[in-house]
Amino acid sequence: MPRDFLDENLPQGLPIADDVWHSRHRFLLYLLWCHAFVIPPFAYLLNNPLAHCVAMGCSLAICAGLAKVKVLDRNVQSLFVSFGLMSASAWIVYASGGYIEMHFHYFVLIPFLALYQSWPPFLLAIGYVGLQHGLAGVFWPHYVYNHPEAWAHPWHWGIIHAGFLSLLCAGIFTLWRAHEIATSRVDALLCEANRLKSQAEHSVREKTQILANVDAFFIGITAYMNVCEWTTKAEHLFGISAENAIGRPLQDLPIPWKWDEIVALISETNDQKKTIRMEKIRLSTPDQKEKFITLTVSPLGEDTREGFVIMGEDITQRLLIEHDHRQSQKLQSIGHLAAGIAHEINTPTQFVGDNLRFFSDSFRDITAVLGRYQSMLSSVKTGTCSPDLIAACDEELRRADLDFLLEEIPKAITQSAEGVIRVASIVRAMKEFAHPGKDEKACVDLNKAIESTVTVARNEWKYVADLTTDLAPNLPLVPCFLGQFNQVILNMIVNASHAIADVTKGTDVKGIISITTRSLDGWVEIRITDSGTGIPEQIRTKIFDPFFTTKEVGKGTGQGLAIAHSVIVKKHRGTITLESEVGRGTTFIVRLPLGTGTATAPTEMAA
């Protein structure tokens, strides 16, 4: 138990850092040299022999010189300093003739020696004082004390000094041990701080490596809109280094995008305190190539007081692929309808051709009649017109049947013109349906788009249904992606035709498909109604799922309504609902919002 108490409360003499030890050693050496130079004149002024004075200074100088020898161990150097300083105190007491106040010089220098935080120099100092007062004070009290009482009772005065020394040591030990404990705790804290720093640096390296391998870029901004994070991907995309970006206000960076859109996006995130996504943003890169990115702005923490993180991705290549895919889908649709379209074109082309052959034959007959009459006219002019010539003219007229030609040729002309108009309308409808469209929404006449699609799909429905349209004449222009909208209407018409065919199979009865448009409050509504089989209640929640179909294998892919839902809901921010009764038919209701300006093209196009 006493051993544990001593281990806990006595200094352990733990070594201190080299730079700290050398700094303290230089200070104590300076203190020793000061005594070596000051004590000789001090002793001489007190009438001590000159030889004694020189000896005092030399002894201290020797100790100081030895304490500077670098090849010696630290403890050896500190022992020379300790011996020299204690000797300086002894010389002062001796030179003053044992003046009692000079004894306190020991008590002043001993705490300085504790700066070494080492037991050897400290114990040497305590031992020196003990021997000097214990031996010299008892046997030569006149050299140690200048008080008669001390001369008479040297042991009593020695005990008094020992008490002072003990109290001094207790105080030094307390401070020394406290310093060791504090130093240990600081070292432990420094070790923990270094460990946490290493962990943090490792985490930063890992994060940097992960973010460098992610296709997305990340930008961190504070609540005051200053950039605090700028990843490698952001450097490559925007051509701005992290060194030039971090610490600057975001809006001061030369990023070639529409700043009003970005500020609005961040403001919306700040107001709603939730993640906001913008699907497509046009960007002009340093190499002058147009790119498109998608941005997601999220608040850091539960609110926006800690700032925001902007995550973005370059979707240029994906949009190009999707654009080609959409065009491929249109061409596939046209290819599927090609036979019907060819038939639709062939019918008017055929009777135009027949009429042209009729015109050719009629022209030959009329030319023959005109030739006879021209001959008769020449004979009349010369007065030699014979009855035979007149009879030949009458015969040619009867053979040509001129009355019939005069009646039928205008009809054929009208019929041919209608055929040409019909062919032109089919070609125009095909062109409008297959047009690639724009990457941004444009204000479109939906009535015209519906009419073109109905024309292109005519061969799909004309054998099973009569299709009627009731298109509002005052329908406003609607911002939309025309090609994608045409695809939706085509899919709806084809589905309606197939549903009606299932009902009318084996009969001569035709079903009915009707398409109506009207303007509502801020919306345009398109209704596509068929008199088909209807949709059972239990599958109505699945019909917009990709690849879900009730058609027989090889007839349906389950993509038509999935495309419609993706285009209308995800890309146009509209709605698509249905009203259906089994055995009576189905009505699909499509609503598109009326908006001003252009919106970004969605990045997903269903097959």
Side-chain angles (χ1 to χ4, degrees), residues 22 24-116 120-162 164-165 168:
H22 285 294
R24 295 178 180 181
H25 182 64
R26 284 194 298 270
F27 168 72
L28 293 174
L29 267 179
Y30 173 77
L31 191 62
L32 180 56
W33 279 111
C34 288
H35 282 82
F37 285 105
V38 171
I39 287 178
F42 170 76
Y44 186 75
L45 291 174
L46 294 178
N47 299 318
N48 285 279
L50 179 61
H52 288 189
C53 296
V54 173
M56 293 178 191
C58 289
S59 64
L60 298 182
I62 291 172
C63 289
L66 292 173
K68 286 191 65 176
V69 178
K70 294 183 178 180
V71 296
L72 297 177
D73 183 71
R74 285 194 340 184
N75 283 330
V76 176
Q77 295 182 54
S78 62
L79 286 174
F80 280 119
V81 171
S82 176
F83 185 83
L85 289 176
M86 291 300 98
S87 297
S89 297
W91 287 130
I92 290 175
V93 172
Y94 170 78
S96 65
Y99 195 67
I100 194 64
E101 283 77 7
M102 294 300 174
H103 287 258
F104 287 99
H105 194 271
Y106 288 105
F107 302 119
V108 173
L109 290 182
I110 288 175
F112 279 107
L113 292 172
L115 291 174
Y116 281 120
F122 188 81
L123 291 177
L124 174 63
I126 299 301
Y128 192 106
V129 174
L131 290 173
Q132 201 270 342
H133 277 65
L135 292 178
V138 171
F139 295 105
W140 302 283
H142 291 82
Y143 293 104
V144 179
Y145 308 111
N146 70 338
H147 200 283
E149 182 67 23
W151 298 338
H153 307 285
W155 283 106
H156 176 72
W157 281 70
I159 292 173
I160 292 175
H161 281 76
F164 281 122
L165 186 61
L168 177 64

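We find the CG-SG distance between Leu46 and Cys53 to be 8.5 Å, quoted to the nearest 0.5 Å. In this structure, Ile39 CD1 and Trp91 CH2 are separated by 9.5 Å, a value rounded to the nearest 0.5 Å. Between the NE2 atom of His35 and the CG atom of Leu60 there is a distance of 8.0 Å, given to the nearest 0.5 Å. Note that NE2 of His22 and NZ of Lys70 are 8.5 Å apart. Values are rounded to the nearest 0.5 Å. How far CD1 of Ile110 is from OG of Ser89: 7.5 Å, rounded to the nearest 0.5 Å. The distance from atom CG of Leu123 to atom CG of Leu113, rounded to the nearest 0.5 Å, is 11.0 Å.
When side chains are defined from C-beta on, Asn48 counts as touching Tyr94, because their heavy atoms get closer than 4.5 Å. Residues Phe42 and Met56 are not in side-chain contact: their nearest non-hydrogen atoms beyond the backbone lie 4.5 Å or more apart.
Counting all heavy atoms, side chain and backbone alike, Leu28 lies closest to Val81 at CB-CG1, 3.8 Å. The heavy-atom pair separating Ser82 from Pro121 by the smallest distance is OG-O, 2.7 Å. Considering every non-hydrogen atom in both Phe80 and Leu32, the closest pair reads O-CD2, 4.5 Å. Minimum heavy-atom separation, Ala64 to Leu29: O-CD2, 3.5 Å. Closest non-hydrogen pair, Trp33 versus Lys68, comes out as NE1-CD, 4.2 Å. Of all heavy-atom pairs spanning Leu31 and Leu109, the tightest one is CD2-CD2, 3.8 Å.
Heavy-atom contacts from other residues, nucleotides or ligands closer than 6.0 Å to NE2 of His52 number 12 or fewer. The 12-atom threshold is not exceeded at CZ of Phe112, counting heavy atoms of other residues, nucleotides or ligands nearer than 6.0 Å.
Between Tyr116 and Phe122, the gap from one ring centroid to the other reaches at least 6.0 Å.
The salt bridge (charged side-chain N to carboxylate O under 4.0 Å, His left out) analysis of residues 73-94, with sequence neighbours excluded, yields the pairs Asp18-Arg74.
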